[in-house]
There are 2 protein chains.
Amino acid sequence: MKLADLAAMAGVSTATVSRALSGHPSVSKTTQERIRALAREHGVRPNQLARNLRLRSTGAIALAMPLGHARTQHLTDPFFLSLLGFLADLLVDRGYDILLSRVLPENDEWLDRLVDSGRVDGVLLVGQSDQYDTIERVAARYAPLVVWGVNRPGQRHLTIGSDNIRGGGIAATHLLGLGRQRLLFLGDPAPPEFAERLAGFRDAAGATAVEVLSCEMDPDAVHAAVRARLAAGTAPDAIFAASDVAAMSALRALTEAGLDVPGDVAVIGYDDVTLAAHTSPPLTTIRQDLVTGTRLMVETLLRRIAGETATSAIVPPELIVRASA
Amino acid sequence: MKLADLAAMAGVSTATVSRALSGHPSVSKTTQERIRALAREHGVRPNQLARNLRLRSTGAIALAMPLGHARTQHLTDPFFLSLLGFLADLLVDRGYDILLSRVLPENDEWLDRLVDSGRVDGVLLVGQSDQYDTIERVAARYAPLVVWGVNRPGQRHLTIGSDNIRGGGIAATHLLGLGRQRLLFLGDPAPPEFAERLAGFRDAAGATAVEVLSCEMDPDAVHAAVRARLAAGTAPDAIFAASDVAAMSALRALTEAGLDVPGDVAVIGYDDVTLAAHTSPPLTTIRQDLVTGTRLMVETLLRRIAGETATSAIVPPELIVRASA
DNA sequence: GCGCGCCTTGCAAACGATTGCAGAGCTGCT
DNA sequence: AGCAGCTCTGCAATCGTTTGCAAGGCGCGC
């Protein structure tokens, strides 16, 4: 049932109906009441699509995770899911809906399509993956875009993220403090955030060599990689995993190989997902403060939507010492 | 940049541009190529809103969780989040976007607004909460609506869900088999799925009395409720929690009270969320098969969108025995 | 009695796409 | 030459709102 139908029934124009329903002051109290009552009675609900088209605003925010590197990584990834959960709560509280969008960057148009589709008022991206240049290009012409990820010097697009270099450094320092000497970085060093974690790790390791075990971030792939590595020769005595999920796969592979954690091998993860506190042994990890981070993302985005200025921000990572290292 | 602009540049009508971009056979190869090239060069991307309005289809599915009972329950709830993850993967694979929608049922219009907004081609609901009647009413006039929840005799709306009565029964049987006598059901018995779990539990308990500790499903509330109950008098020797999250809160309260699980009190949860395997002790629980469940939801919904018939379905629950009971 | 201003309401133009129908131009056949 | 038939393109309506502008009706003051 559309406004025009109601207008016909009420014997007025659709213009009047529209104004009555939106409480426009220029329509008389009596007509307003009459139309309101009629609308309730017949269950009239304006088509949002038409409304959005006319108003050029939608009340929706797009949320996407570019899966450039890890095609196999799914939305079921715990880190993404909890980020999503926090963001969803915050946005819903502010009256926005969330468009969870399809992103498989087969070409460099995906982000253009998203921002130009007219379906959303702003875009939130989780991770830059291998799409840094695309994001940079689009951000130059489209303001309401905020990314969870790394911030490089001279970067144009707004990011909120944890200090990955620092986080990597903290991990290395902690492991060295435990007297570990054969350090191994586990994960895909290609995505920017992981690259920074590795860089910070190497930096703080100083003279101590860092072995890199590069693999896809999918749990089975990580598990297989670690198992192969353990079969290949002298085990490391410390593993710094690029994510908690990777760390958990490592834990499993180590246990299966009969190695004790942290006795034989210390393991440290990244993210502090909810699960990390419950693995056995409980995972020592570098926490990303998602409560603060997601709040900043939403605030920054809303500021940009309102046409105000905003800046990137970095939330400090924190070492959470549990039992695995 | 809209089609009309491109049309002006190319010296043709917007009609031709539209047809060229959509590969309509009635526009000549040469014009098609020329317009395509021009479009690429100037980054023309059709406004989806206008397109959807005209076509009366959107390529998006709404996903919502009515929070009638548990106002405090957030989207960060692990069960909802993993359901969301599975659904998102499935829908995205089929080319649909997901509109994660604001649902706070302050009145009984929320679902009408969602289906009449024109923004989605179909609606997926997680849980019926206290909105059973509303859902029933809307389903009578709106076909593409599928709900995760309970199925009652004579129900009109399509549901996919696990057999909660059976699940409750399995829990009771297992606990009685362990020789437990003082059974306690923990959770809010109001939402239909929880009510059924309790009913099945009671039924299978037979002559053995079942105490009900009713509380909000928010973790802190559950924890407080269990603590108060333990302080109040003789502890139960078995707890059946309405969800894994509630079970985990119970675990914490029991440990704090110096009780051993499962020595003093056996604990059994519901859902088998990822976390359940990693609590200490690992949680015995009733698994809901989400892989099958979500696949059925999506298939059923797509069938309804296509105008075909479809029926409700029930996936069997399964007892996962770990260490807590 | 007339004109001014106020209160309501309606007309019609947006918003930006898609598509049925008609017509323009061309070829080819008789 | 004339006409049928085919290929391509454009006109204009349509989807369902919102809103600037203008106008109708009415009261009131002079």
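In what follows, chains are A, B, ... by sequence order, proteins preceding strands, each numbered from 1.
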Could you check how far [atom1] of [X] sits from [atom2] of [N], rounded to whole Å?
{"X": "A:Leu55", "N": "D:dT18", "atom1": "CG", "atom2": "P", "value": "6 Å"}
{"X": "A:Leu21", "N": "D:dG16", "atom1": "CG", "atom2": "P", "value": "16 Å"}
{"X": "A:Asn52", "N": "C:dG16", "atom1": "CG", "atom2": "P", "value": "13 Å"}
{"X": "B:Leu49", "N": "D:dG16", "atom1": "CG", "atom2": "P", "value": "14 Å"}
{"X": "A:Leu6", "N": "D:dT18", "atom1": "CG", "atom2": "P", "value": "12 Å"}
{"X": "B:His24", "N": "C:dA17", "atom1": "NE2", "atom2": "P", "value": "17 Å"}
{"X": "A:Asp121", "N": "C:dC15", "atom1": "CG", "atom2": "P", "value": "18 Å"}
{"X": "A:Arg19", "N": "D:dT18", "atom1": "CZ", "atom2": "P", "value": "11 Å"}

- OP1 or OP2 of C:dG10 under 4.0 Å from side-chain N/O of A:Thr16: yes
- Query: Taking only side-chain nitrogens and oxygens of A:Ser28, does any of them come within less than 4.0 Å of OP1 or OP2 of C:dT9?
  - Reply: yes
Between [options], which nucleotide gets closest to the side-chain atoms of [X]?
{"X": "A:Ser18", "options": "C:dA17, D:dT19, C:dG10", "answer": "D:dT19"}
{"X": "A:Val12", "options": "D:dT17, C:dG10, D:dG10", "answer": "C:dG10"}
{"X": "A:Lys2", "options": "C:dC11, D:dG10, D:dT17", "answer": "D:dT17"}

- Parallel, tilted or perpendicular, as decided by the 30° and 60° cut-offs, for the rings of A:His157 and A:Tyr132: perpendicular
- Message: One thing to verify: whether A:Arg141 and A:Asp112 come together as a salt bridge, which I'm taking to mean a side-chain N less than 4.0 angstrom from a carboxylate O.
- Response: yes
- Item | Residue met sooner reading DNA chain D from 5', once B:Thr14 and B:Leu53 are mapped to nucleotides | B:Thr14
- Note on the structure: Per nearest nucleotide of DNA chain D, the residue lying toward the 5' end, B:Arg56 or B:Gly11, is B:Gly11
- Message: Heavy atoms only, 4.0 Å cut-off, all strands: where does B:Arg54 land among base, sugar-phosphate and nothing?
- Response: base
- Task: Remember a base hit wins even if backbone is also touched, and classify B:Ser22 as base, sugar-phosphate or nothing at under 4.0 Å, heavy atoms.
- Result: nothing
